[in-house]
Structure formats: structure tokens, C-alpha cells
Amino acid sequence: MLRGDLEGTDLESYVEQAVMTTTLERVLNMARANSLFPMTFGLACCAMEMISMVSSRYDIARFGAEAFRASPRQADMIILSGRVSIKMAPVIRRVYDQMLEPKWAISMGACSSSGGMFANYAVVQGADKFMPVDVHVPGCPPRTEALLHGFNKLQKLIQGHPDDGWRRRYNALGTEEWARGGPDSRPNPEAAAEAYARARELADA
């Protein structure tokens with residue numbers, strides 16, 4: 001190509017095969033997804049599984065996230081590993097606010113994601129009630145493999161091509177509360193029928 005052997009359509013086809021173009025934002029997101037700095041932060045029994053991520057058996061260093069930081073000002077990811085008490089929620093929120101931007105959060109285990117077995121006044125019924133959560137990892141406690149799977153999903157989310165949610169996977173668009181008239185109202189058959197029709201149109205498209 002440097003000698004001018006290729007011209008016209010041959011040169012165009014060669015360039016299409018050999019040159020890859022992208023945007024600066026996609027390159028930055030790829031770097032962010034593969035160089036995350038998690039917080040050294042644990043809440044309860046799920047923290048034991050989180051600690052296992054850095055062991056030789058699981059080796060999260062493969063994904064570029066082995067450097068757990070002791071300060072929120074040096075971290076850009078927090079793993080809520082355990083139950084969140086009402087007294088602890090404002091502390092966690094302050095730690096989250098002090099983290100570097102852009103930042104992400106993983107809610108690990110049933111207690112952090114939905115309150116788990118602690119359906120009482122002392123435990124927050126889901127960490128997403130006081131801070132944004134990007135990935136929920138179910139289990140009580142989830143195995144380290146499950147946390148690594150959630151971490152991989154977070155990497156895809158950061159890179160801009162997240163996995164489809166369950167509503168899209170199972171063609172359940174239109175079953176949201178707004179389609180039934182909102183959380184504070186009774187089911188609305190007309191709104192639901194309209195939402196189901198839109199969902200079928202999206203599925204057929």
C-alpha cells in the first residue's frame with residue numbers, strides 16, 4: 001500500500017479491513033471498564049466472598065480491578081457487601097459522594113439489594129433507596145463466581161453495551177407499574193392493553 005500498488009476499490013477495501021475507527025468516549029470507557037479501583041469496604045458476611053475475589057482461585061486481577069483502595073477519594077467502585085442498617089445508610093452515602101467520578105456501585109447479596117431476611121425497621125429495604133446502584137448480585141451470600149459475573153456485567157455497562165434486562169429478554173415490556181396506572185392506583189386495563197400492543201410492535205420490529 002505504501003508503494004502505491006493498491007488503487008481505487010482495492011485500496012478502499014484494504015482500508016476497511018485494516019483500519020478501525022472509534023470515538024474517544026468509547027476508548028475511555030474501555031479503559032475505565034478494565035481499570036476499576038474498588039473500595040476496601042465490607043458490611044457483613046458477603047464481604048468474605050468479596051475478599052475471595054483477589055485470591056489466586058478467582059483472581060480479579062484478570063479484569064484489572066485487584067487494587068482495592070482504602071480511601072474513597074482513590075476509588076471509583078463500591079461493593080455493598082451485606083445488610084445496610086438505617087444508621088449506616090448516611091455514612092455509606094457520604095463515602096459514595098466522596099468517590100471519584102465517574103463511579104459505579106454493585107449491590108451484593110439479598111440483604112443489600114432488598115433487605116433480605118431482615119424485613120424490619122432497622123435495615124434498609126434495598127440500597128437503591130438512598131444511592132444509585134448499577135448492578136444487583138442476588139444470593140445469600142452469593143458465591144464469588146456470582147460476584148465476578150456481576151462485575152463482568154458492570155464492565156459491559158461501562159463500555160456502553162449492557163446486557164438486556166429481563167423485561168426485554170422475556171418480551172415483558174409493558175408490565176411496568178406505569179402501564180397499570182402507577183404504583184398508587186388500581187390496574188388500568190386500557191393502559192395495559194396499549195402497553196402490550198406497543199411491546200408486541202417492538203418484538204416484531
Derivation of the side-chain contact (heavy atoms from CB on, under 4.5 Å) call for Ile79 and Phe151
CA-CA 10 Å; Ile79 300 174; Phe151 180 80; over 6 Å; no

State, to 0.1 Å, how close Ala89 and Val124 come at their nearest heavy-atom pair, and which atoms those are.
CB-CG2, 4.0 Å

Would Leu147 and Met50 count as a side-chain contact (heavy atoms from CB on, under 4.5 Å) if you check the C-alpha gap in whole Å, the side-chain angles of each, and the deciding distance to 0.1 Å?
CA-CA 7 Å; Leu147 180 57; Met50 180 187 72; 4.1 Å; yes

Return the set of residues passing side-chain contact (heavy atoms from CB on, under 4.5 Å) with Arg94 (not counting sequence neighbours), or none when no residue passes.
Gln98

Smallest separation among heavy atoms of Ala122 and Asn120, with atom names
N-OD1, 3.0 Å

Between Arg93 (side chain only) and Phe130 (backbone N and O only), is there a donor and an acceptor less than 3.5 Å apart?
yes

Shared hydrophobic cluster, Phe63 / Met30 (ILVMFWY, side-chain heavy atoms < 4.5 Å):
no

Is it true that a side-chain atom of Thr144 and a backbone atom of Met53 form a donor plus acceptor pair closer than 3.5 Å?
no

Would you say that Asn29 contacts Arg32 through its side chain, given a criterion of any heavy-atom pair below 4.5 Å between the two side chains?
yes

Does Leu154 belong to the same Ile/Leu/Val/Met/Phe/Trp/Tyr cluster as Val54, with side-chain heavy atoms less than 4.5 Å apart forming each link?
yes

Would you find a donor on one side and an acceptor on the other, under 3.5 Å apart, between the side chain of Arg26 and the backbone of Thr23?
no

When Ile, Leu, Val, Met, Phe, Trp and Tyr are grouped by side-chain heavy atoms lying under 4.5 Å apart, directly or through other members, which residues fall in the same group as Ile51?
Met48

Under a 4.5 Å side-chain heavy-atom rule over Ile, Leu, Val, Met, Phe, Trp and Tyr, are Ile86 and Leu80 clustered together?
yes

Treating Ser112 as the side-chain partner and Gly109 as the backbone partner, does any N or O pair qualify as donor plus acceptor under 3.5 Å?
no

Heavy atoms only: give me the nearest Pro142-Val137 pair and the separation to one decimal.
CB-CG1, 3.8 Å

Should we say atom CZ of Arg143 is surrounded by more than 12 heavy atoms from elsewhere, each under 6.0 Å from it?
no

Determine whether a donor-acceptor pair (N or O, by modelled atom type, separation under 3.5 Å) exists between the side chain of Asp134 and the backbone of Ala105.
yes

Tell me, please, which residues at least two apart from Ser113 pass side-chain contact (heavy atoms from CB on, under 4.5 Å).
Ser107, His136

Find the distance between CE (Met99) and OG (Ser71) and round it off to the nearest 0.5 Å.
10.5 Å

Can we say Glu145 and Arg57 salt-bridge, meaning some charged N sits less than 4.0 Å from an Asp/Glu carboxylate O?
no

Which residues share a side-chain contact (heavy atoms from CB on, under 4.5 Å) with Ala33, sequence neighbours left out:
Gln155, Ile158, Gln159

Under 3.5 Å, side chain of Asp76 to main-chain N/O of Phe37, donor-acceptor pair present?
yes

Quick check on Met131: does its CE atom have over 12 non-hydrogen neighbours (other residues, nucleotides or ligands) under 6.0 Å away?
yes

Side chain to side chain donor-acceptor pair (under 3.5 Å) with Arg69: which residues, sequence neighbours excluded?
Gln74

Taking ILVMFWY side chains as joined if any heavy atoms are under 4.5 angstrom apart, and letting links pass through other members, which residues group with Val133?
none

Can you get from Met108 to Ile92 by hopping between Ile, Leu, Val, Met, Phe, Trp and Tyr side chains that sit under 4.5 Å apart?
no

Give the cluster check for Met77 versus Met39: same hydrophobic cluster or not, with ILVMFWY residues linked at side-chain heavy-atom distances below 4.5 Å.
no

Atom of Cys46, atom of Ser81 and distance for their closest heavy-atom approach:
CB-C, 3.5 Å

Any donor-acceptor N/O pair, Lys103 side chain to Tyr96 backbone, under 3.5 Å:
yes

When every non-hydrogen atom of Gln125 is compared with those of Phe118, the smallest separation belongs to NE2-O, 2.9 Å

